[in-house]
Amino acid sequence: MAADSCAYPPLLHPDHPAATPTSRKKYLRVLAFAASAALILCVAAFVSYSSSGARRTDLPGNGASEPRRRISRGPAEGVSEKSSVGLLRSSPSYPWTNSMLLWQRTAFHFQPQKNWMNGPTYYRGWYHLFYQYNPASAVWGNITWGHAVSLDLVHWFYLPLAMVPDNWYDANGVWTGSATILPDGRLAMLYTGSTAELVQVQNLAVPADPDDPLLLKWVKYESNPVLVPPPGIAPRDFRDPTTAWYVPSESAWRIAIGSKNDSQRHAGIALVYRTSDFLSYELLPGVLHSVAGTGMWECVDFYPVSTESATGLDTSAAAGPGVKHVLKASLDDDRHDYYAIGTYEAATNAWVPDDPEKDVGIGLRYDYGMFYASKTFYDPVKQRRVLWGWIGETDSERTDLRKGWASLQTLPRTVLLDHKTGSNLIQWPVDDVETLRSGSQEFSNVSIPAGSVVPLDVGTATQVDIVAEFGVNKSALAGAVDAVVGYNCSTSGGAAGRGVLGPFGLLVLADDDLSEQTAVYFYFVRSSDGSISTHFCHDELRHARPLALLAADIVKRVYGSLVPVLDGETLSVRILVDHSVIESFAQGGRTCITSRVYPTSATYGGGRLFLFNNATGIDVTAKSLKIWQMGSAFIRPFSEHDSVSLH
């Protein structure tokens, strides 16, 4: 990536006063593109394949030596430890078989060919996914940009690495970035580099060949970095630039960058810079927003949502009637992604949440499970905003090294404002995913008496899409005077605990005798004012068999939160099971949960599906239930043959 192979014109908006034909002639090159808006995802990790693309069968045994690696990759390097390390440090290794480990690889979630991974854009007919990737090992380190393309967000082609750490300003990693595509098609890619001294700086890169729809080669700006930490910001607390949005009154673009201010009660903050050419920048006074006690904000995202229509909005859509703005941050302190909905005022460089009690970092989350470092992009073809998140592992690093891969992407999700509540977002898998459905089975009005488990004869259920609706007698709810007032999914006894009004739902990735099971369930709770609220939870891989307790080198959690259920609505959930990943969407996507599970027996043909009701005071009916078997996505290296056949 020779920096002297290209000259860099200012990337002016076509409406900028200086963006005249005369002024452009003095630059050696004008970049020409055709696309709409973009970004690069924050963090993630991937799989192990041979060079031919076949699944590996040469996994080393338990006694195999592990490659030498650094002990810690913690906050001092600008990235947190694997979240399960502290919990698993002294745990014995479970005797995973090659068959078990191979089964854990997913069939329709994107993963790299091997090793450790972590955004997307649309360009000339292709969706591009750039992701943080370690080409050398299944643990964090040596962060480069992997690259893959798709025509439909389902099937993917691996491409050569997009960018590698080959300059002093990114010597310790090419970290998170975002792309901005100007209305005339020119593209600016800003990304965080970690310097040789571990200082976080922002850098500019552009495609080497604007006419290449695959964007195979990139050129880094010869005067990088374009931004360094400003006064008052620590050198390792300045990362993850957003996609830029255009402010017509200034004839300029703005970007936000995450940081923190420990002198103001450990506040997470979003700094805002203004630029007209993506080469020079002005730090605006104040901050876009700040929330005390939330710590370092990573992977900040800032985008508009419509209060009137069910379509996505371009990142530069103007604030005003019919538009709200979402501010999202990934909190380095607790490794969760929080968002809030509010009002943006460009004139004052301020965003204000609609509900201060649900501010960024203290209120709503995109997902209440294993989900982090997410980013969105605007898809101009289908006029939708698409969200990607990173799913980490909850097993041990020694197991990751043995199987040769770690982490993956969530399914891409559309994001809209919930027009019924007006106070939360709706997330739903992109409709392209439904092209993998086949062989559906339907059930209706299935009775689930209190204390019962009902098997569903659907065969193997390790790669399925489930849509379910439940009904509960309202008089039974009203008469449940002994229902608990306080309840929390994470601190409860999980699906095994019995209450008057729950839990009830589905058992997925369960074996025949229910010695292994993962519960996706609802739990009704009586509030202090007498009203009934609804909790939605995951209880990961509960074991009943003593042998299974040997699998102590995995973290098993109970996740969840409240889900709004409005008067007249039916209780509903969609669950996508893809081997070791479960993604669930309650009430049309108001509350979402992602889990990683590592069964020892409920694999391959051994995974089953059950309905259950562990409540003591109510009977439940599965009013409707539809289960599709899901095919596998084609995810493989791109070849010259593909280039010919697809065009």
Side-chain angles (χ1 to χ4, degrees), residues 39-43 73-80 118-119 132 140 143 145 163 165 167-180 188-205 220-221 223-244 253-275 278-292 294-302 327-333 335 337 349 351 360-361 372-373 375:
L39 68 91
I40 309 302
L41 209 75
C42 252
V43 191
R73 294 160 308 286
E77 294 189 32
V79 65
S80 295
N118 166 118
Q132 290 187 33
W140 191 91
I143 295 302
W145 271 16
M163 283 194 278
N167 289 274
W168 69 268
Y169 51 78
D170 58 14
N172 273 294
V174 181
W175 290 5
T176 298
S178 296
T180 301
M189 185 75 77
L190 293 173
Y191 72 92
T192 297
S194 179
T195 73
E197 294 76 29
L198 301 177
V199 177
Q200 295 169 14
V201 298
Q202 313 312 315
N203 305 304
L204 172 67
K220 299 174 183 178
Y221 179 40
S223 295
N224 278 335
V226 295
L227 280 171
V228 299
I233 297 298
R236 300 179 188 179
D237 297 333
F238 183 65
R239 55 186 179 268
D240 309 340
T242 65
T243 296
W253 298 85
R254 295 185 183 185
I255 63 166
I257 297 175
S259 188
K260 66 176 179 177
N261 188 337
D262 283 331
S263 67
Q264 294 183 356
R265 296 182 295 163
H266 194 51
I269 61 176
L271 305 169
V272 176
Y273 286 84
R274 176 166 52 207
T275 181
F278 289 88
L279 303 180
S280 59
Y281 296 80
E282 174 192 359
L283 176 62
L284 297 186
V287 296
L288 179 66
H289 195 56
S290 172
V291 181
T294 56
M296 179 66 202
W297 284 8
E298 297 187 301
C299 305
V300 170
D301 205 2
F302 186 62
L327 178 59
K328 167 262 169 184
S330 301
L331 266 57
D332 196 31
D333 283 3
R335 312 300 284 174
D337 279 21
N349 183 37
W351 173 92
V360 180
Y372 192 65
K375 291 280 268 184

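These figures come from a predicted structure and were not determined experimentally.
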Quiz item: Could you state the interatomic distance from CZ (Arg274) to CD (Glu282), rounded to the nearest 0.5 Å?
Solution: 4.0 Å
Exercise. Kindly compute the distance separating CH2 (Trp145) from CD1 (Ile143), expressed to the nearest 0.5 Å.
Key: 12.5 Å
Exercise. Output the distance between atom CE (Met296) and atom CD1 (Ile269), rounded to the nearest 0.5 Å.
Key: 8.5 Å
Practice problem: Without swapping roles, check the side chain of Asn167 against the backbone of Tyr169 for a donor-acceptor pair under 3.5 Å. | Solution: no
Quiz item: Just wondering, do Leu271 and Ile233 contact through their side chains at under 4.5 Å, heavy atoms?
Solution: yes
Practice problem: Determine the minimum heavy-atom distance between Val174 and Pro165, stating which atoms define it. | Solution: CG2-N, 3.6 Å
Quiz item: How many angstroms lie between atom CG of Asp240 and atom OG of Ser330, to the nearest 0.5 angstrom?
Solution: 8.0 Å
Exercise. Please check if any side-chain donor atom of His266 sits under 3.5 Å from a side-chain acceptor atom of Asp333, or the reverse.
Key: yes
Exercise. Heavy atoms only: give me the nearest Ala188-Leu204 pair and the separation to one decimal.
Key: CB-CD1, 4.0 Å
Quiz item: Given side chains that start at C-beta, do those of Trp175 and Gln132 come closer than 4.5 Å, heavy atoms only?
Solution: yes
Exercise. Any chance you could lay out the side-chain contact (heavy atoms from CB on, under 4.5 Å) test for Arg254 and Leu284, step after step, and finish with the verdict?
Key: CA-CA 9 Å; Arg254 295 185 183 185; Leu284 297 186; 3.6 Å; yes
Quiz prompt | Point-to-point distance, once rounded to the nearest 0.5 Å, from CG of Asp237 to CZ of Arg239 | solution = 6.5 Å
Self-check item: Within-4.5 Å side-chain heavy-atom neighbours: Pro230 and Phe238
Solution: yes
Practice problem: Indicate the ring-plane relationship of Trp253 and Phe278, choosing parallel, tilted or perpendicular according to the 30° and 60° boundaries. | Solution: tilted
Self-check item: Working for side-chain hydrogen bond (donor to acceptor under 3.5 Å, both in side chains), residues Gln200 and Arg236
Solution: CA-CA 5 Å; Gln200 295 169 14; Arg236 300 179 188 179; over 6 Å; no
Quiz item: When you measure from the side chain of Thr243 to the backbone N and O of Thr180, does any donor-acceptor pair fall under 3.5 Å?
Solution: no
Practice problem: With rounding to the nearest 0.5 Å, note down the distance linking OG1 in Thr294 to NZ in Lys260. | Solution: 10.5 Å
Quiz item: In terms of side-chain geometry, is the basic nitrogen of Lys375 or Asp337 positioned less than 4.0 Å from the acidic oxygen of its partner?
Solution: no
Quiz item: Are any of the side-chain heavy atoms of Tyr191 and Thr176 separated by less than 4.5 Å?
Solution: no
Exercise. Quick one: closest heavy-atom pair of Pro229 and Val201, and the distance?
Key: CD-CG1, 4.4 Å
Practice problem: List the steps and the verdict of side-chain contact (heavy atoms from CB on, under 4.5 Å) for Leu327 and Val300. | Solution: CA-CA 7 Å; Leu327 178 59; Val300 170; 4.0 Å; yes
Quiz item: How are the rings of His289 and Trp351 set to each other: parallel, tilted or perpendicular (split at 30° and 60°)?
Solution: perpendicular
Self-check item: Any side-chain heavy-atom pair of Val272 and Ile255 under 4.5 Å
Solution: no
Exercise. Would you confirm whether Tyr273, through its side chain, and Leu227, through its main-chain N or O, come within 3.5 Å as a donor-acceptor pair?
Key: no
Quiz item: Does any N or O in the side chain of Asn261 come within less than 3.5 Å of the main-chain N or O of Gly268, such that one atom is a donor and the other an acceptor?
Solution: no
Exercise. For Asn224 and Trp168, work out which heavy atoms get closest and say how close.
Key: O-CZ2, 4.0 Å
Self-check item: Under 3.5 Å donor-acceptor, Ser194 side chain and Gly173 backbone
Solution: no
Quiz item: Looking at Ala205 and Met163, what are the two nearest heavy atoms and their distance?
Solution: CB-SD, 3.8 Å
Exercise. Have a look at Gln202 and tell me which of Thr192, Leu190, Val228 forms a side-chain contact (heavy atoms from CB on, under 4.5 Å) with it.
Key: Thr192
Self-check item: Working for side-chain contact (heavy atoms from CB on, under 4.5 Å), residues Asn203 and Tyr221
Solution: CA-CA 7 Å; Asn203 305 304; Tyr221 179 40; over 6 Å; no
Quiz item: Less than 4.0 Å between a side-chain N and a carboxylate O, is that true for Arg335 and Glu298?
Solution: yes
Quiz item: Which pair of heavy atoms, one from Ser178 and one from Pro241, lies closest together, and at what distance?
Solution: OG-O, 2.7 Å
Quiz item: Looking only at atom types and distance, does a side-chain atom of Thr195 sit under 3.5 Å from a main-chain N or O of Val199, one as donor and one as acceptor?
Solution: yes
Quiz item: Side-chain contact, heavy-atom cut-off 4.5 Å: Trp297 with Val360?
Solution: yes
Exercise. Give the C-alpha distance, both sets of side-chain angles, the deciding distance and a yes or no for salt bridge (charged side-chain N to carboxylate O under 4.0 Å, His left out) between Asp170 and Lys220.
Key: CA-CA 11 Å; Asp170 58 14; Lys220 299 174 183 178; 2.6 Å; yes
